[in-house]
K.L.:
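Provided herewith is a single structure, encoded as structure tokens, for subsequent inquiry.
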Amino acid sequence: MVWPIDLAILTLVVIVGIGALMVKDLLGAAILFGAYSFMMCLLWTIMGAVDVAFTEASVGAGVSTVFFVGAVFRTSRRTKD
Amino acid sequence: METIVSIKPLLAVSVSLLVTPILASSRAPNVREAWTFMAAVAKVLIVASMVPAVLKGAEIVYTVAEVVPGAAIKFRVDALGMLFALVSSSLWIVTSAYSIGYMRGLKEHSQTRYFVFFALALSATVGVAFSANLLTLYLFYEMLSFATYPLVTHHQDHEARSSGRKYLLYIVGTSIGIVLPAMLICYNMTGTLEFSMQGIFAGTEHKATITVLLLMLVLGFAKVAIMPLHSWLPAAMVAPTPVSALLHAVAVVKVGAFSVLRVLTGVFGVNLLTNLHLGTVICYIASFTVIVASLIALSQDGLKRRLAFSTIGQLSYIVLGVALLSPKGMIGGMTHIAMHAFGKITLFFCAGAIAVATGKKYISEMVGIGKRMPVTMVAFFIGSLSVIGLPPTGGFFSKWYLVLGTLQADQMPMLIVLLGSSLLNAAYFLPIVYKAFFCTPEESMFENTIQEAPIWCVAPLVVTAVISVVLFFYPTLFLNLAKLAIGG
Amino acid sequence: MSLQYPGLIVVVPLLSALVISIAGWVNKRWCFPIAVAGLSVAAYSSVGLLFRVLDEGVIVYKLGGWDPPMGIAYYVDHLNGLVLAVVSVVALLNAIASKNSIEQEFPERIGPFYTLYVLMVTGLLGIVVTGDAFNLYVLLEIAALTGYGLIAMGGGRGPLSALNYLYMGTIGACFYLLGIGYLYIMTGSLNMVDIARILPDLYQSKAVMAAFIICMVGVWLKMAFFPLHAWLPNAYTFAPSASSSLIAPLVTKVMIYVMIRLILTIFTPEFSFNILAVSKPIVWLSVIAIFMGAILALSERNLKKMLTFIIIAEVGYMVGGAWLGNRVGMTGAILHIANDALMTLCVFLAVGNIVYKVKGAEFENLQGLFRKMPFTMGAFVIGAMSMIGVPPTCGFFSKWYLISGAIQAGQYGFMVALLFSSLVNVVLFFRVFEICYYEPFSDHHGHGDHHPEPIDEAPVTMLVPLFIVAAILVLVGLYTGDIVNHIVEFAIPKGLV
Amino acid sequence: MGDIIQTIVAKYNFWIYITLMMIGLYAMIAKNNLVKKIVGMNIFQTAIILFYVSIGAKRGATIPILEHGHGGGHNVVHAIDYANPLPHVLMLTAIVVAVATLGVALALAIRVYDRYSTLEEDEILSQIREE
Amino acid sequence: MKVIGLIIAVLTGGLLIYAAGDFPAWSDPASPASTYLSPHFIEKTMEETSVPNIVTAVLADYRGFDTMFETTVIFSAGVACFLLLRAFRRKQPEARHYRHVLTGVTVRIKEGTKLPPSEDFERIDSLWTPHDLIIKTVCRLLIPFIQIFALYVIAHGHHSPGGGFQGGVILGASIIVLAISQDLRTAVKRMGEKLDALLCAVGVLIYAGTGALCLLLGLNFLDYSALASVLHVDPITARSHGILIVEIGVGVAVMATMIWIYNNVSSKGEYDQGL
């Protein structure tokens with residue numbers, strides 16, 4: 001049975017998500033967001049949604065993060081919240 | 001009563017509408033004015049061509065579009081509408097002649113715009129006259145309001161702007177704010193808005209609701225300038241005199257009066273009003289206006305302002321007459337539309353002529369002017385007689401019938417009001433004429449050389465004056481139409 | 001071919017958008033003709049479709065040949081037949097009218113601009129024509145994304161307002177998606193008709209109620225219904241005139257259509273109005289919306305921004321009319337979708353011409369416009385009359401139905417709000433007219449027509465569509481009776497009385 | 001007590017997705033930094049995707065790819081053995097829409113930064129007020 | 001603002017939690033979602049489309065219309081980014097820098113003056129940092145494999161997880177990796193802007209065109225069985241092939257768009273050396 005892992009990851013997802021919003025550095029936020037997406041991807045694999053997980057791994061954890069990083073490099077890392 | 005389906009009403013309305021693009025595009029003044037005349041004549045001819053049928057008691061109907069179930073955009077030519085249409089369309093010819101003289105005389109700017117919107121206003125007026133239901137009437141009423149705005153504010157100075165605002169505030173404010181909801185409530189109560197002799201409320205018995213609706217509709221048509229919704233009229237006198245003449249002696253204000261007539265006779269119906277004793281309410285409102293307006297008129301020195309207040313009073317005659325709900329009274333009220341129109345437009349023309357010739361606007365400056373402009377002042381005299389209601393002018397008949405109406409409805413207070421106000425009318429008109437002619441040379445303000453306004457100005461006022469006199473001898477046309485209008 | 005109209009309506013614009021984006025790299029001058037061609041095919045087939053619907057009733061088009069609910073299907077009935085025609089015609093006219101202003105404002109971006117423009121029209125048409133709840137979401141996003149791009153073209157504060165619009169729009173779309181998810185988890189279906197078939201057993205379920213509320217909130221966000229309107233004015237004001245005259249008439253109206261579709265088709269009127277007893281508060285909300293829109297509009301000194309606030313008030317009209325819960329009110333709402341789209345297009349095109357000539361819609365730029373651009377102002381006046389609600393322009397008649405509905409439903413507050421906003425519109429527009437009408441004051445005597453200020457009008461390609469729209473306003477007004485009897489009557493289910 | 005735990009566990013995914021959605025929504029409204037808002041937006045969207053995927057999950061079911069599919073439709077397939085594919089399909093679409101929105105949002109953010117050289121909303125607003 | 005946000009979030013959450021009470025328990029095989037439509041997909045897919053990966057089948061065939069617009073969304077996002085960011089009137093820097101690759105000598109060249117035509121010089125920005133050799137090499141080794149894998153994902157989408165989207169993204173990612181590990185100019189040399197833009201459109205065009213082709217062949221839009229007559233196979237296989245075709249289209253479009261967006265975002269549309 002994989003449900004416990006499932007629950008654990010779910011909780012972890014929430015934590016990472018909050019972290020991505022709390023961290024005072026946009027670059028860090030971007031990286032944490034990547035982690036968040038990857039957690040999600042794991043979660044969906046567990047639930048049997050392999051295609052979605054695959055897409056999320058490539059799009060969410062991959063390209064989105066790169067976009068974030070690129071945008072942050074082009075603007076500024078500074079954030080007040 | 002037979003009904004003829006014919007496109008004539010639509011033509012009568014749209015002939016001046018169709019000519020507007022030509023007017024707008026024509027750069028040469030002569031072309032423009034020629035077209036204006038053609039349109040005016042065509043309009044009169046079309047209207048006149050329908051007179052015999054109407055006198056035979058027929059009705060000419062034409063439906064443009066069935067926009068809302070039970071309320072189409074529809075024309076119906078009946079006696080009352082014909083009466084009004086005849087007056088307004090025939091006076092358009094005279095006025096356009098006069099405007100040419102006036103506008104050229106004063107070298108007014110942007111005359112093209114002036115003539116275009118004048119034509120529009122005329123279409124709207126005839127449209128109101130021929131409309132078969134409240135929706136159509138509202139349509140043309142609004143059209144008139146917006147078409148006259150550029151005319152009222154023609155001078156485009158600060159005064160024009162402020163009075164233009166006042167004009168819109170009163171006219172459009174009331175029509176959208178009061179008439180529209182009233183109309184919709186009527187529609188939702190009865191499911192129709194068609195005018196008919198017995199009214200649309202046949203059967204319904206909500207006295208309170210009907211009273212409220214009646215007041216909303218009578219006061220809502222603020223163009224009739226019943227107090228307290230009157231003060232736009234004097235303000236609107238900043239307009240060029242021909243505008244004041246046609247619009248504020250004939251078209252606009254008479255449209256208001258006409259709409260109220262329609263509401264009283266067509267929407268509510270004489271029987272209903274008699275049963276619910278609502279006529280008296282209107283009578284008292286109207287008579288109040290009559291007296292107060294005449295009193296204010298006494299105190300005015302500006303000639304046009306005095307005329308304006310006299311107009312306010314005279315309009316309430318019309319309402320009063322119909323609200324008496326007695327046949328004779330109603331005939332009086334309806335004929336007064338015509339009679340007062342001819343009388344009052346003469347007076348305005350005279351005022352304009354004086355302005356053009358001497359530039360004088362205030363009565364106190366007009367002592368002895370009769371020696372300078374005898375023709376004009378004689379016309380003025382006739383016009384004032386007609387407005388006061390003395391023979392030998394058409395005004396006499398309408399007053400006469402009004403008085404008979406009060407007796408028929410045995411409303412003594414109203415009789416007193418009528419007679420009193422007639423005295424007041426005399427009191428604020430005759431002194432002008434007297435001072436104009438009979439004054440000692442030293443107090444005269446003009447040298448005795450006769451110098452009239454240009455012919456374009458004088459001819460029309462002579463014509464209208466003559467018509468007012470003629471109407472004393474041949475009033476039958478209007479009287480018959482009025483008799484037909486009250487169905488007997 | 002007429003059997004394929006539903007397909008063509010969406011596919012042809014899509015293909016033409018792709019072709020445009022390719023052509024943009026080869027030769028800019030090809031973009032405009034292709035766009036016009038694609039849009040006119042769409043307009044032609046949607047009008048043809050409307051007539052077919054009038055003859056045959058509901059038309060079902062199975063994409064991929066799969067029977068619904070397995071595959072995605074188009075359901076074209078009288079309601080979206082009407083909206084389709086309006087949307088495609090408006091888009092076409094605006095495309096023709098805005099040619100010059102596009103070339104003036106951003107000459108080197110014509111290719112991508114037209115791509116987005118046509119894509120947006122594709123999205124809107126798809127939203128209207130589709131019968132699949134999720135498909136609607138995807139198209140919603142297309143319309144939204146392209147819209148952000150088009151608005152942000154405006155430069156200045158354009159990007160910022162577009163970004164705010166993006167946040168709000170995304171929340172709205174996601175709420176809609178969430179609501180659909182709730183419906184899906186309860187019914188297991190995504191096809192609107194199918195959901196409607198399954199739902200009646202579940203009307204008591206909390207999840208269905210929540211689904212309805214969430215969808216509504218999402219749609220309201222997208223249509224800028226009063227408390228959620230904050231994004232609209234800036235977005236529409238700072239957009240380039242070519243975009244704003246496409247977005248302002250269509251987006252909010254299409255969202256209104258979606259709302260009505262939700263009320264009437266997915267959830268039956270019986271659920272929306274009887275089981276869920278929220279009509280009264282929503283109507284009151286729309287009353288507030290109308291008042292706020294009118295009052296905020298009064299405080300504006302920029303013509304374009306003033307109009308955006310009027311749009312907010314108009315949204316209030318339609319939401320309120322739809323939620324009056326009676327047939328007349330719904331008729332008014334549906335009628336007003338078409339009328340408002342047309343009259344908004346009219347005024348925005350006029351504003352576009354003004355901006356094209358005098359570079360700005362601030363009130364002080366407008367002095368003496370009646371002399372300078374008489375034709376544009378003439379059309380603008382007609383549009384304004386329609387917005388005020390003066391017969392025989394179409395604006396009056398939809399208002400007529402709305403007010404009648406309010407009276408029948410006993411919602412006099414709504415009636416008062418409508419009249420109030422009409423009066424405020426009079427004030428607003430005549431304030432503009434005054435400014436355009438009174439030149440810098442001069443003594444009026446002594447100079448006749450000798451030396452009038454030179455007429456400096458917008459090019460004819462911008463004027464002709466404007467005139468067409470103005471004429472349509474009056475014609476639609478005169479044919480209101482037929483439109484109601486032959487189209488709107490059938491668009492509303494018999495259940496609603 | 002026990003049944004409460006039961007319901008909590010039985011719908012754990014739903015609770016979590018609601019939590020995530022609240023977080024995302026809060027961030028979109030309350031955060032001051034434009035990019036942070038965008039992060040919130042993505043969390044919001046993924047939360048909804050999570051919700052859909054949870055709809056699709058089915059106890060004791062495997063991934064929705066038929067075994068020895070090369071054999072064609074000969075061997076009979078039981079729906080109970082496979083997870084519900086429909087939500088997966090929808091969510092593929094949703095993910096792509098999310099990334100598309102992300103791209104446009106970032107582009108807009110960069111444009112905003114070009115103009116105001118800050119990403120903090122309050123600073124931008126104060127600059128606008130000064131104009 | 002924070003308070004409002006909190007209130008709204010809590011309200012929404014409250015509503016959702018309240019509603020979630022009615023949900024069928026999580027992963028319950030008897031829930032309507034699992035019992036109404038999905039059985040048909042699971043059981044019929046094989047004989048109706050002969051694609052074992054149900055998700056692919058539903059994605060590209062049953063709900064192929066969604067997917068087409070999904071691709072269109074990506075496409076419009078790419079166009080929007082381009083429209084927003086691309087600097088059209090690019091101010092030419094008064095001086096340009098070149099680096100002699102072999103010696104590492106950097107030359108600064110004034111406006112107008114020419115550089116001797118030679119392969120050894122590469123254009124660099126004023127603030128240029130030398131690439132890390134290890135990263136550069138590793139990526140250069142890695143990229144081909146990434147791309148092969150991407151192609152496999154696209155092609156094998158019928159039988160295994162994956163398909164156009166995933167493959168396309170990975171394909172795009174390989175180029176993006178190149179751009180990161182070296183610099184944007186190198187990547188753009190490999191895959192020019194115009195090519196990007198065209199490929200985006202072409203990818204979607206493949207998809208929509210296939211649909212339109214079906215429409216021209218007399219069946220409804222996107223009804224791949226119409227392709228049977230063209231491909232000379234039975235309608236079922238035609239569907240399977242049709243799915244493959246559109247997946248390729250999706251792959252192309254997604255790849256190109258990802259690169260396009262990255263180029264514009266990472267260089268503010270300047271197309272200089274990027275990150």
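Throughout, a chain's letter reflects where its sequence line sits, starting with A, and its residues are numbered from 1.
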K.L.:
Counting heavy-atom pairs under 4.5 Å to chain E, which of C:G64, C:S21, C:P69 comes out on top?
P.N.:
C:G64
K.L.:
E:Y224 versus chain C, heavy atoms under 4.5 Å apart: side chain, backbone, both or neither?
P.N.:
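For E:Y224, no heavy atom lies under 4.5 Å from chain C.
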K.L.:
If you measure from CG on E:D66 to CD1 on C:I72, what distance do you get to the nearest 0.5 Å?
P.N.:
3.5 Å
K.L.:
Quick one: what part of E:S76 sits under 4.5 Å from any heavy atom of chain C, side chain, backbone, both or neither?
P.N.:
both
K.L.:
Among residues two or more places apart or on two chains, list those pairs meeting ring-ring contact (aromatic ring centres under 6.0 Å, His included) that have a residue in residues 196-220 of chain C.
P.N.:
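Of all non-adjacent pairs touching residues 196-220 of chain C, those that pass ring-ring contact (aromatic ring centres under 6.0 Å, His included) are C:Y203-C:F271, C:F212-C:F267, C:F212-C:F271, C:W220-C:F225.
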K.L.:
Taking side chain as everything from C-beta outward and backbone as N, CA, C, O, which of these in C:W25 sits under 4.5 Å from a heavy atom of chain E? Side chain, backbone, both or neither.
P.N.:
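Its backbone and side chain both get close to chain E.
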K.L.:
Please flag which part of C:V208 lies under 4.5 Å from any non-hydrogen atom of chain E: side chain, backbone, both or neither.
P.N.:
neither
K.L.:
Write out, in numerical order, the residues from residues 11-20 of chain C with a heavy atom short of 4.5 Å from a heavy atom in chain E.
P.N.:
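So far as heavy atoms go, C:V11, C:L14, C:L15, C:L18 are the residues that approach chain E to under 4.5 Å.
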K.L.:
Could you tell me the separation between the CG atom of C:L8 and the CG atom of E:L215, rounded to the nearest 0.5 Å?
P.N.:
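Result: 6.0 Å between the selected atoms.
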K.L.:
Name the region of C:T146, side chain, backbone, both or neither, that has any atom closer than 4.5 Å to a heavy atom of chain E.
P.N.:
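Answer is side chain: those atoms of C:T146 sit under 4.5 Å from chain E.
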K.L.:
About how many Å separate CZ of E:F65 and OH of C:Y74, when rounded to the nearest 0.5 Å?
P.N.:
2.5 Å
K.L.:
What part of C:I198 is in contact with chain E, defined as an atom under 4.5 angstrom from a non-hydrogen atom: side chain, backbone, both or neither?
P.N.:
side chain
K.L.:
Please state whether the side chain, the backbone, both or neither of C:I22 comes within less than 4.5 Å of a heavy atom of chain E.
P.N.:
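Both backbone and side chain.
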K.L.:
Between C:M209 and chain E, with a heavy-atom cut-off of 4.5 Å, which part of the residue counts as in contact: side chain, backbone, both or neither?
P.N.:
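For C:M209, the side chain is the part near chain E, not the backbone.
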K.L.:
If you compare all heavy atoms of C:A210 against all heavy atoms of E:A19, which two are closest, and at what distance to 0.1 Å?
P.N.:
CB-CB, 3.3 Å
K.L.:
Please report the closest heavy-atom contact between C:L145 and E:A77, naming both atoms and the distance.
P.N.:
CD1-CB, 4.5 Å
K.L.:
Can you tell which part of E:T12 gets under 4.5 Å to a heavy atom of chain C, answering side chain, backbone, both or neither?
P.N.:
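For E:T12, side-chain heavy atoms alone lie under 4.5 Å from chain C.
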K.L.:
Closest approach of E:L84 and C:G149, non-hydrogen atoms and distance?
P.N.:
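Scanning both residues, the minimum pair turns out to be CD2-O, 4.1 Å.
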K.L.:
So which heavy atom on C:R109 is nearest to which on E:R86, and how close?
P.N.:
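That closest heavy-atom pairing would be NH2-O, 3.7 Å.
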K.L.:
What part of E:A208 lies closer than 4.5 angstrom to a heavy atom of chain C: side chain, backbone, both or neither?
P.N.:
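Its backbone and side chain both get close to chain C.
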K.L.:
Please flag which part of E:L219 lies under 4.5 Å from any non-hydrogen atom of chain C: side chain, backbone, both or neither.
P.N.:
backbone
K.L.:
Which of residues 172-186 of chain C get closer than 4.5 angstrom to chain E, counting heavy atoms alone?
P.N.:
C:F175, C:L178, C:Y182, C:Y184, C:I185, C:M186
K.L.:
To check you understand the geometry: which heavy-atom pair defines the closest contact between C:S189 and E:Y36, and what is its length?
P.N.:
CB-CE2, 3.5 Å
K.L.:
Sort by residue number and list every residue of residues 129-141 of chain C having at least one heavy atom under 4.5 Å from chain E.
P.N.:
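Residues of residues 129-141 of chain C touching chain E at under 4.5 Å: C:D132, C:F134, C:N135, C:V138, C:L139.
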